[in-house]
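Counting starts at 1 for both ligands and their atoms, following the listed order.
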Amino acid sequence: MSFNPKTIIEPFRIKSVEPIRQTTREEREVALARASFNLFKLPARDVLIDLLTDSGTGAMSSAQWAGMMRGDESYAGADSFYRFENSVRGITGLRHVIPTHQGRAAERILFGTMLKPGDIVPNNTHFDTTRANVEACGATALDIPIAEARQPGTVHPFKGSMDLEQLDRVLTTSRDKVPLVMMTVTNNSGGGQPVSLENLRAVSRRCREARVPLFLDACRFAENSWFIREREDGYHDKSPREIAGMMFAEVDGATMSAKKDGMANIGGFLAMQDDELARRCRDNLILTEGFPTYGGLAGYDLEAIAVGLEEALDEDYLRYRIRTVAYLADRLRQVGIAMVEPPGGHALYLDARAMLPHIPVLEYPAVALSCALYLEGGIRSVEIGSLMFGRQPDGTEKPAAMELVRLAFPRRVYTQSHVDYLAEAIIYVNERRDRLRGLRIRSEPPALRHFTAELEPIGGTLLA
Ligand SMILES: Cc1ncc(COP(=O)(O)O)c(C=O)c1O
């Protein structure tokens, strides 16, 4: 019998380290007030474990750094572009590959090229920048996830999937207003939940029948591939790369933030099959991103992404990555902490509405919880709830579908002892949850308010 370990280890060793700084609770109290209870405004040096986002925060591999050294900085037609294009084409099969400085630039270019006022874009769930870019064109961003997606405690293997009946309805009643359908894998704003291949194929079939292009928001395509392999019948013996190929085979194009499963600190792309659409997108790209073979990136960034996309599909890496989040969820579940079930790929989402029923939703329970995690444990997380989504285009405020605190894991950055510390801190805050108070907004900008809004605890203190 051979050794069959239960422990899934980090599949890398550490060549370079970056110190993180311990602070006292008193120091964090001052920092929190100075940041107006908005964790985006905290200096990173005041944060011990930074789970604000998994976007662009990962550790690059030695192979990526080596790739960067051969970055070709030619303005046009750099070797680095062709290596980047090869890598993207090899994985996606999409003909036209247009680099952008990050995902939202790909969104702006795509929507700016395809949408007009009054249009409707169905998506399982729009990410905030995706929604903002759709709305900036005067169009409506329509979220149509399956019903289970809005029930945090309900376990479903593919909670990221799209509701086919709702898609049918919009394609039947408003076909002429739908220039494209989007599918976000994994569904970040819906809890980092995967989409099944079965669902993606069903959406794709409907889009083909209605002659509407289907685009993937492919930020976490590798994690989605892993979930398909683990949870969907018929794919257990397929490699993540093969499954990714099957996903991309169903779509006409993709937007991508390479800051996620591109394993890079910056970058993105827009890719598609249609020649004429690609030509128009490239014309649009030149206005703000640069020449179409660099799209706002340095040659060395293109190299990092070309290598990173392949590394994101490595089985050992994906096993460790998905297990990290599941391990934290196991620890929290043992003490009954409410979260989105099952845990997502890149992040764990605490259910603040369930944990803090005494805080009304428009007093932002998820903001209160994320501030408390910082105050007690030096942990930075992000609210995905009514602060992020509550302000409507007409200026009114409406509660979001869920009040979540997202703990997003940078790729290859933290080890198991960091996760053990996290579990301890979250459990500590949970034990004091009755003392937590809601917040009110002191000032906010007209769009994407969660990045810069200033808040204050109601009654003057976060923990009574
Ligand atoms: C699902 C999804 N789409 C789009 C984006 C936007 O990408 P970027 O931050 O690179 O502009 C993100 C970023 O977090 C995302 O999670």
Quick check: are there more than 12 heavy atoms from other residues, nucleotides or ligands sitting under 6.0 Å from CZ of Arg175? yes
From His346, Lys259, Lys260 - option closest to atom 7 (O) of ligand 1 by heavy atom: Lys260
Heteroatom distance test (Gly267, ligand 1): nitrogen or oxygen, under 3.5 angstrom: no
Non-hydrogen atom of Cys219 closer than 4.0 Å to ligand 1: yes
Output yes when Arg70 and Asp79 qualify as a salt bridge under the 4.0 Å nitrogen-oxygen rule, no when they do not. no
Taking N or O atoms only and a 3.5 Å limit, does Thr184 qualify as a polar contact for ligand 1? no
Donor-acceptor contact below 3.5 Å, side chain Ser87 vs main chain Ala306: yes
Ligand-side contact atoms (ligand 1) for residue partner Gly103, heavy atom cut-off under 4.0 Å: 7 (O), 8 (P), 10 (O), 11 (O)
Quick one: which ligand 1 atoms are inside 4.0 Å of a heavy atom on Arg220? 1 (C), 15 (C), 16 (O)
Looking only at protein heavy atoms, which one is nearest to atom 10 (O) of ligand 1, and what is the separation? Ser257 OG, 2.6 Å
State which residue, out of Glu383, Glu454, Glu444, fulfils the salt bridge (charged side-chain N to carboxylate O under 4.0 Å, His left out) condition with Arg449. Glu444
Compute the shortest N/O to N/O distance between Thr129 and ligand 1 and return yes if it is under 3.5 Å, no if not. no
List the closest protein heavy-atom neighbour of atom 4 (C) of ligand 1: residue, atom name, distance to the nearest 0.1 Å. Glu107 OE2, 3.1 Å
To the nearest 0.1 Å, how far is atom 5 (C) of ligand 1 from its closest protein heavy atom, and which atom is that? Phe127 CD2, 3.5 Å
With heavy-atom distances below 4.0 Å as the criterion, list the atoms of ligand 1 near Asn188. 1 (C), 15 (C), 16 (O)
I need the full list of ring pair (Phe, Tyr, Trp, His ring centres under 6.0 Å) pairs touching residues 94-127, with sequence neighbours left out, sorted by first then second residue. none
Taking 4.0 angstrom as the limit, do Arg411 and Glu223 come out as a salt bridge? yes
Could you tell me, atom by atom, which parts of ligand 1 come under 4.0 Å of a heavy atom of Arg104? 7 (O), 8 (P), 9 (O), 11 (O)
Quick check: Gln102 and ligand 1, any N/O pair under 3.5 Å apart? yes
For Asp316, check salt bridge (Lys or Arg N to Asp or Glu O under 4.0 Å) against everything at least two apart and list the hits. Arg319
When you check the gap from the basic side-chain N to the acidic O, do Arg201 and Glu250 get nearer than 4.0 Å? yes
Can a salt bridge be assigned to the pair Asp54 and Arg220 using a cut-off of 4.0 Å between side-chain N and carboxylate O? yes
State the atoms of ligand 1, each with its element, that fall below the 4.0 Å cut-off from a heavy-atom position in Asp217. 1 (C), 2 (C), 3 (N), 4 (C)
